[in-house]
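Here is the structure we will look at.
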Amino acid sequence: MQILDGKKTSEALKAEIRAEVDALVAAGHRAPHLAAILVGENGASITYMNNKVKSCHEVGFESSLIKYPDTITEKELLAKITELNEDPKIDGFIVQLPLPKHINEKLITESIAPEKDVDGFHPVNMGRLALGQGTLIPATPAGIIELLDRYDVPTEGRHAVVVGRSNIVGVPVSLLLEGKYKKGNCTVTVCHSKTKNLAEITRQADILVAALGIPHFITADMVKDGATVIDVGITRVADSSKKSGFAIKGDVDFEAVAPKCEFITPVPGGVGPMTIAMLMKNTLTAMKIKRG
Ligand code: GUN
C-alpha cells in the first residue's frame with residue numbers, strides 16, 4: 001500500500017508555480033492576481049479562503065479577498081463580478097460556494113467571464129471539458145488527476161467508479177477519467193444516491209473515487225484488493241479532543257480500507273491540498289491565455 005501524499009505533492013507543484021512566477025517577474029511582467037469573494041460566515045469557507053490566500057503568497061501571486069455579509073443582495077454581488085470581469089489587473093477570481101439562499105448560484109456562476117473562471121464552473125468551461133478541450137478545469141478533479149499522474153498510477157483501460165455526481169467533483173472527474181486527457185482512458189461508472197447494489201459496483205473498481213460527503217461511507221467490504229482509492233470527503237465532525245472542536249473526516253474508512261489498497265489518499269493531506277495548488281495553477285493558466 002502506498003499513500004498518495006497530497007501535501008507533499010502540492011508543495012512540489014507550488015514550488016514549480018513559484019519558479020514560473022519568479023521568472024515572469026524577473027522578465028518585467030507583473031505577478032498573477034487571484035481575487036476571491038466570500039459571502040457570510042461559513043466556518044469551512046473561511047478556512048478554505050484563508051488557505052487560498054496563504055497559498056497565493058507562497059507562489060508569489062497578488063491576492064484580493066473580498067468579504068461581504070450574508071445580507072448582500074444578488075444585484076450588489078453581480079455588480080462586483082462585473083467589476084472583476086472588466087479589471088485588467090485581475091487574472092482570475094472565484095466566488096466561494098455555498099452562497100446564501102437568496103442568491104442564485106447558477107446566475108452568479110454564469111456571470112463570471114469564462115476566461116477568468118479559475119474554478120472552471122462556468123457552463124462554457126464545463127462544456128469544453130466534456131468536449132476534450134478543457135483548459136480551466138475544476139481544481140479538485142484536476143488535483144486528483146495530478147496525483148494519479150505524479151505517482152504513475154495506471155489508468156488506461158482501468159475501471160474507475162465515481163461515487164457522487166456533484167458539479168464540483170463527480171461530474172468533472174468522471175469526464176477527465178474517461179476522456180483523452182492525461183491519466184484518462186478509463187471505463188467510468190458514476191454512482192449516486194439512487195444507484196442500486198452500490199457495493200457490487202464499487203467492488204469492481206480499479207480506481208474508486210469517493211465524493212459523496214458522508215464520513216466513512218466506503219467500508220472495506222466495498223473495495224477490491226489492490227484498488228486505488230481517492231477520498232474527496234472533508235466533513236467536519238464534532239471532536240472535543242481537538243482544539244478547534246472538530247475533526248475532518250473523509251468518505252472512506254481509511255483504517256479498514258488502506259490495507260487492501262495499492263494506492264490511497266489520506267484525509268487530511270490528500271486531495272484537499274491538491275485542490276488549492278490546482279487553483280493556483282489555473283490562475284497562472286488564465287494569465288497565460290490572456291497574454292496569448
Ligand atoms: N466550495 C467548496 N469547494 C469549492 C471550490 O472549489 N470553489 C468554490 N468557489 N467554492 C467551493
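Counting begins at 1 with the first residue of the sequence. Order of listing sets the numbers, starting from 1, for every ligand and every atom in it.
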>> Does this structure show an ion pair linking Arg158 with Glu262, if we count only N-O contacts that are shorter than 4.0 Å?
In response: no
>> Looking at Lys182 and Glu146, is any side-chain nitrogen of the basic one under 4.0 Å from a carboxylate oxygen of the acidic one?
In response: yes
> Can you tell me the protein heavy atom closest to atom 4 (C) of ligand 1 and the distance?
Replying inline: Gln96 NE2, 4.0 Å
> Step by step, would you call Glu83 with Lys80 a salt bridge (Lys or Arg N to Asp or Glu O under 4.0 Å)?
Replying inline: CA-CA 5 Å; Glu83 189 188 312; Lys80 186 68 195 177; 3.0 Å; yes
> Considering only heavy atoms, does Leu97 approach ligand 1 within less than 4.0 Å through its side chain, its backbone, both, or neither?
Replying inline: both
Looking only at distances, please establish whether an N/O atom of ligand 1 is found under 3.5 Å from an N/O atom of [X].
X	answer
Asp119	yes
Thr140	no
Val95	yes

> Heavy-atom distance to atom 3 (N) of ligand 1: which of Ile168, Ile37, Val118, Ile112 wins?
Replying inline: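 Residue with the shortest heavy-atom distance to the ligand atom: Ile168.
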>> Looking at Lys116 and Phe93, would you say the former's side chain and the latter's main chain have a donor-acceptor pair under 3.5 Å?
In response: no
>> Given 3.5 Å as the limit, does a donor-acceptor pair link the side chain of Thr202 with the main chain of Met222, or not?
In response: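 Checking the backbone N and O of Met222 against the side chain of Thr202, a donor-acceptor pair under 3.5 Å is found.
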